[in-house]
Novice: 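One structure, as structure tokens, below. Some questions next.
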Amino acid sequence: MRAGEKVREFYEALLAAWGPQGWWPAETPLEVCVGAILTQNTAWRNVERAIENLKAAGALQVPALWALPEQELAELIRPAGYFNVKAGRLRNFLRLVVEEYDGSLEQLFELPTERLREAVLAVRGIGRETADSIVLYAAQRPVFVVDAYTLRLAFRHGIVDLDADYETLQEAFAGSVEKDVAVWQEYHALLVRAGKLHCKKQAPVCAGCPLQKFLEEGEPREPF
DNA sequence: CTCCTGTAAG
DNA sequence: CTTACCGGAG
């Protein structure tokens, strides 16, 4: 089976097995942006705690969040880890929204997709994965999000090399499934679930994985 | 490559 | 105790 063909069938198999994941779990676009920054190299459970704190403080709105002193913000997001770094990153993003787009995420999101991605990516502390998560899930634009789970899974299935860069990985997926926001949102969410439950960092658990039947040699490529 | 950091699971 | 976590910067 060709790589592109596999990528298409992965999606069908994952969706059939697990159904829609309902991503991104957030009530507002701003909450998506905040969550995307807070979840950098961090378990989602800890991000939830930080977001609960922000909500309890009434700080999950642009003006209130921007008004918070950085140290207080850091204290609120402490459970998400790297809190000093992330407080700065959140403020960097908020600064863009407040100073360039009149404090309006909607206004920022009016940019054409490619310009929007570049604008978000230009923020200190927002790299490609975080930028693409914001563009796909908060702005609802067709950009395929890839992450460490995606690389691991794609490598083990022989779709890309282990040293594949972000764009290569992104093209391998985006170029092989229907260009549709809802589909891409769903696919990334399903890949994350597959990575968590089966395509683990050490010792993948292929038994019971919806993608096991696609393994060429009956087992994942090594070494990861 | 190292640093940033809380939390939970092994 | 160590590893991993929906990474990114220097």
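Here is the naming used below: chain letters follow the sequence lines, and residue numbers restart at 1 for every chain.
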Novice: Please list all pairs meeting side chain to side chain donor-acceptor pair (under 3.5 Å) that have one or both residues in residues 188-198 of chain A, counting only residues at least two apart or in different chains.
Specialist: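 Passing the test, one end in residues 188-198 of chain A: A:Q21-A:R193.
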
Novice: The criterion is side-chain contact (heavy atoms from CB on, under 4.5 Å); which residues satisfy it with A:Q202, sequence neighbours excluded?
Specialist: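 None.
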
Novice: Do any side-chain atoms of residues 171-181 of chain A form donor-acceptor pairs under 3.5 angstrom with protein atoms, and if so which ones, sequence neighbours left out?
Specialist:
from   : atom 1 : to     : atom 2 : distance (Å)
A:S176 : OG     : A:A172 : O      : 3.1
A:D180 : OD2    : A:A182 : N      : 3.1
A:D180 : OD2    : A:V183 : N      : 3.0

Novice: Hey, can you pull the donor-acceptor pairs under 3.5 Å for the side chains in residues 103-115 of chain A, sequence neighbours left out?
Specialist:
from   : atom 1 : to     : atom 2 : distance (Å)
A:S104 : OG     : A:E106 : N      : 3.4
A:S104 : OG     : A:E106 : OE1    : 3.2
A:S104 : OG     : A:Q107 : N      : 3.0
A:T113 : OG1    : A:R141 : NH1    : 2.9

Novice: Can you give the first and last nucleotides of DNA chain B, 5' to 3', that have an atom under 4.0 Å from a heavy atom of chain A?
Specialist: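 Under 4.0 Å from chain A, the extent on DNA chain B is B:dC4 to B:dA8.
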
Novice: Could you list all the salt bridge (charged side-chain N to carboxylate O under 4.0 Å, His left out) pairs where at least one residue sits in residues 11-20 of chain A, not counting sequence neighbours?
Specialist: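 Qualifying pairs: none.
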
Novice: Heavy-atom contacts under 4.0 Å between residues 168-183 of chain A and DNA chain C, which residues?
Specialist: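 Going residue by residue through residues 168-183 of chain A, none turns out to have a heavy atom under 4.0 Å of DNA chain C.
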
Novice: If a pair satisfies side chain to side chain donor-acceptor pair (under 3.5 Å) and one of its residues is in residues 206-221 of chain A, list it, with sequence neighbours excluded.
Specialist: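 Passing the test, one end in residues 206-221 of chain A: A:K6-A:E216.
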
Novice: How far does the P atom of B:dT5 sit from the matching atom of C:dG10, given to the nearest Å?
Specialist: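 About 14 Å, rounded to a whole number of Å.
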
Novice: Considering only the C1' atoms, how many Å lie between B:dT2 and C:dC6, rounded to the nearest integer?
Specialist: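 It works out to 22 Å between them.
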
Novice: Under the rule for salt bridge (Lys or Arg N to Asp or Glu O under 4.0 Å), what residues qualify as partners of A:E72, not counting sequence neighbours?
Specialist: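 None.
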
Novice: Tell me, which pairs form a side chain to side chain donor-acceptor pair (under 3.5 Å) where one or both residues lie in residues 42-53 of chain A, sequence neighbours left out?
Specialist: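 Residue pairs with at least one partner in residues 42-53 of chain A: A:T42-A:K86, A:W44-A:E48, A:R45-A:E48, A:N46-A:R49.
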
Novice: In the 5'-to-3' direction, what one-character label does each nucleotide of nucleotides 1-10 of chain C receive under the scheme B = base within less than 4.0 Å of a protein heavy atom, S = sugar-phosphate only, - = no such atom?
Specialist: ---SBBBBSS

Novice: Suppose we screen for side-chain contact (heavy atoms from CB on, under 4.5 Å). Which residues come up paired with A:F83, at least two apart in sequence or across chains?
Specialist: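 For A:F83, the residues satisfying side-chain contact (heavy atoms from CB on, under 4.5 Å) (neighbours in sequence not counted) are A:A74, A:I77, A:R78.
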
Novice: Students often mix this up, so state it plainly: with edges at 30° and 60°, are the rings of A:Y187 and A:Y11 parallel, tilted or perpendicular?
Specialist: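 If you compare the ring of A:Y187 with that of A:Y11, the planes turn out tilted.
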
